[in-house]
Amino acid sequence: MALAAAGAALTILAPAGLAGAAPASASAPASSSTTSSTASASGAWAAGTRAYLVITAPGDTTSVRSAVTDNGGTVFAHYDAIGVVVAHSASASFAATMRGVSGVQQVGATRTSDVPADAYNPALPSTPSQTPTTLTETNRWDMTQINADKAWAVTTGSATVKVGVLDTGVDDRHQDLAPNFNAADSVSCAYGRPDTRAGAWRDVDTHGTHVAGTIAAAKNGKGVIGVAPNVKISSVRIAEPGSGLFFAENTICGFVWAGDHGFKVTNNSYYTDPWMFNCPDDLDQGAIIEGVRRAQAYAESKGSLQVAAAGNSDYDLANKTTDTSSPNDSTPVRRTLTNACIDIPTELPGVVTVSATGKGSGKASYSNFGTDVIDIAAPGGDGASGVYSTLPGGKYGNLSGTSMASPHVTGVAALMVSVNPSLTPADIRSRLAAQARDLPCPADRRCTGTTAKNGFFGEGETDALKAVGGATQPPGKSFQNLDDMAIADNATVESPITVSGVSGNAPATLKAGVDIKHTYRGDLVLSLVAPDGTVYPLEDFADSDGTDNVAKTYTVDASAETANGTWKLRVRDIATRDTGTIDSWNLTF
C-alpha cells in the first residue's frame with residue numbers, strides 16, 4: 001500500500017479491504033476541466049482491461065478521444081483543461097498504436113494489473129457505527145511541539161478556508177470531524193473519475209480519518225484538537241477499495257477536483273502507485289509524471305497548494321540508487337535509479353515536501369530525507385510516541401509516519417490563509433519556509449546543509465505560532481563530537497563535548513543529537529552527563545527492539561546546570577553479541 005504512514009512499529013498500514021468507489025453512471029458536475037465518459041459508462045468489465053493516460057494539448061480532446069475508441073479502447077474520463085484522457089483497453093497493442101496518433105504527446109499504462117471490475121459498478125464504503133467518547137481534549141506533544149496550542153489564542157482557523165484530504169477517505173460522522181466536514185465538496189476519485197454520491201468519500205481504511213483529525217478535529221471539548229480546528233475539511237478519496245492503492249488517474253482526478261472546488265490547501269500522505277519512483281525515460285512512467293504534474297499545476301493555478309509526505313523508507317531522495325518495492329500491484333523488481341526518477345506527488349514542482357520528526361524534534365527514524373528535496377519538517381511520531389488522532393467510528397489512536405507529519409503542515413498552512421485570505425500558493429510556500437523553526441543537523445553524517453536549511457528538516461520544523469504572527473525563541477550555539485568511539489558488549493563508554501562561550505545555565509530545551517551505529521539498539525541505554533556529574537536519562541530502549549542504529553535528537557531540561565564545561569554522552573551496552581560505535585553527537589543550547 002502506498003500510504004506514507006507507519007504504525008507503532010513503523011510498518012506500513014495494511015489495506016482494510018473495504019468496498020467503495022464510483023458508480024458507472026455517476027458523472028462530475030459541470031466544470032471547465034472534468035468530464036466523465038457516457039460511452040464507457042455502459043461498458044462491461046473484461047479481464048485484461050488496463051488503464052492508460054493519453055496526453056495531448058490542453059483544450060478540446062475530442063479527436064484524441066475518438067482515436068481511443070477507434071483503436072480498441074474506451075474513454076473512462078477526460079480532463080480537457082490539462083489535456084489528459086483516462087482510457088481503458090484490453091488490447092496489448094493499445095499504447096503503441098495510440099503513440100502514433102496525430103496530436104497524442106504521450107501514452108502510458110498506469111498499472112501493471114487489471115482495472116478492477118468494481119470500477120464499472122462500484123459499491124459505496126460502509127458507514128461505521130459511532131462510539132461516543134468520554135475523552136476530554138488535552139494538549140498533545142505534537143501540538144505543543146509546533147506551538148499550535150499557542151496559535152489558537154490568535155486564530156483557530158476560518159470556516160471559509162477549505163482543505164482537501166486526498167487519501168483513503170474520511171469518516172464524516174466522527175464526533176470530532178462532523179462539525180468541520182464539508183460534504184458538498186467531498187467526492188470519490190477512485191479509478192480516476194468523480195463520484196459525488198453521498199458517502200462515496202468515506203474511509204476504506206483508517207488512514208484518511210486519522211490525517212483529517214490532525215488537520216481539523218474540532219475544538220469542542222471532546223477527544224482531540226486539530227492544528228486548524230475551525231477550517232472546513234473535504235474528503236477526496238483516491239484510494240481504491242481492496243488494494244488500498246492510489247493510481248495516477250485517481251490523483252489527477254483529485255487535483256483537478258481540488259482546483260475546481262476552491263481548496264486552499266490539500267494534504268497528500270501517499271505516493272502514486274504502482275511505482276515508488278517514476279522514471280521519465282520509461283514511456284509509461286513518463287506519462288504518469290506528466291499527467292500528475294499537469295493536474296498539480298492546474299490546482300495551483302486555481303489557488304490550491306499541495307502538501308505531501310516524504311515517505312517512510314529512511315531513504316535519501318537526493319541520492320537515489322535502487323528500488324526493490326515496485327511495481328506494488330504485481331511483482332516487484334529490482335531497478336537502478338537516478339535522481340531523474342521521482343516520488344510523486346511529493347517531488348513535483350510546487351509541492352511542499354514534509355519529513356517527520358519524533359517527540360523532541362529529532363528526525364524520525366523512518367523518515368525519508370534529502371538535501372534540496374525536503375522543504376519542511378513536522379511531528380510524525382516515532383517509537384512509543386505516536387501521533388494521536390481520530391479513527392473511524394468515533395475512535396482514536398496513535399500512528400507514526402510522514403503521513404502524520406504532512407497534515408501538521410497542512411493545518412499550519414490553513415491557519416496562515418485564515419489570517420490572510422489573499423495568500424497565493426507561492427506566498428504560503430515562502431512563509432512556511434520563513435516561519436519554520438530552524439533545526440540543526442543531528443550527529444548524523446547523512447544530514448548535510450546548515451542549521452537554517454538541511455537535508456533532514458529542510459527549512460526547519462513548522463511553527464504554527466509564528467505562522468499566525470507570533471514569535472518563538474531561536475536555537476542557540478551548537479557543539480559536536482565527530483570522533484568515533486567503539487561500544488563493546490556489556491560495556492559503558494562516554495564521549496565528551498566541551499562547551500564554552502555560553503553564558504549562564506543550559507536551557508530547559510537543551511537538544512542532544514545522537515548518531516549511533518549498532519546492530520541491535522535494544523541493548524542500549526543512553527544518558528547525558530552534565531559537567532557536575534548529574535545524569536539525565538535519554539532513552540532505555542526496549543530489550544526487544546531489534547532496530548539497527550540510533551539517529552535521534554533528545555530534549556533535556558538542563559536549566560539547573562551551568563552551560564560551560566565538559567558534557568558527556570554515556571552509552572551502556574547491557575547484552576552480548578551485538579556491538580556498535582558512537583559515530584557522532586552534538587549539543588544545541
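These numbers were taken from a predicted model, which means no experiment stands behind them.
Every side-chain contact (heavy atoms from CB on, under 4.5 Å) that Ser385 has, sequence neighbours left out, goes to Trp141, Lys359. With sequence neighbours left out, the side-chain hydrogen bond (donor to acceptor under 3.5 Å, both in side chains) criterion links Lys568 to no other residue. With sequence neighbours excluded, the residues forming a ring pair (Phe, Tyr, Trp, His ring centres under 6.0 Å) with Tyr315 are Phe277, listed by chain and number. With sequence neighbours left out, Thr357 forms a side-chain contact (heavy atoms from CB on, under 4.5 Å) with Gln145, Ala377, Pro379, Leu439, Phe457, Glu461. With sequence neighbours excluded, the residues satisfying salt bridge (charged side-chain N to carboxylate O under 4.0 Å, His left out) with Asp314 are Lys363, Arg446. A search for side-chain hydrogen bond (donor to acceptor under 3.5 Å, both in side chains) contacts involving Asp316 returns Asn319, not counting sequence neighbours.
A side-chain donor-acceptor contact under 3.5 Å links Thr448 and Thr371. In summary, the side chains of Ser559 and Asp557 do present a donor paired with an acceptor at a separation below 3.5 Å, with no hydrogens or angles considered. Remark: the Asn586 side chain and the Ser584 side chain contain no N/O donor-acceptor pair separated by less than 3.5 Å.
With rounding to the nearest 0.5 angstrom, the CD1 atom of Ile374 is 8.5 Å from the CD atom of Glu347.
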Check your understanding: Can you list the steps and then say if Asp329 with Asp273 is a side-chain contact (heavy atoms from CB on, under 4.5 Å)?
Key -> CA-CA 8 Å; Asp329 66 336; Asp273 299 295; over 6 Å; no

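Phe479 and Phe589 have perpendicular rings, their planes meeting at more than 60° on a 0 to 90° scale where under 30° would count as parallel.
Under a 3.5 Å cut-off, the side chain of Ser430 and the backbone N or O of Ala426 do not form any donor-acceptor pair.
Pairing each heavy atom of Ala310 with each of Thr353, the nearest pair is CB-CG2, 3.9 Å. Here the shortest heavy-atom pairing between Leu526 and Phe541 reads CD1-CE1, 3.9 Å.
At a threshold of 4.5 Å between non-hydrogen side-chain atoms, the residues Ser361 and Thr553 do not count as touching.
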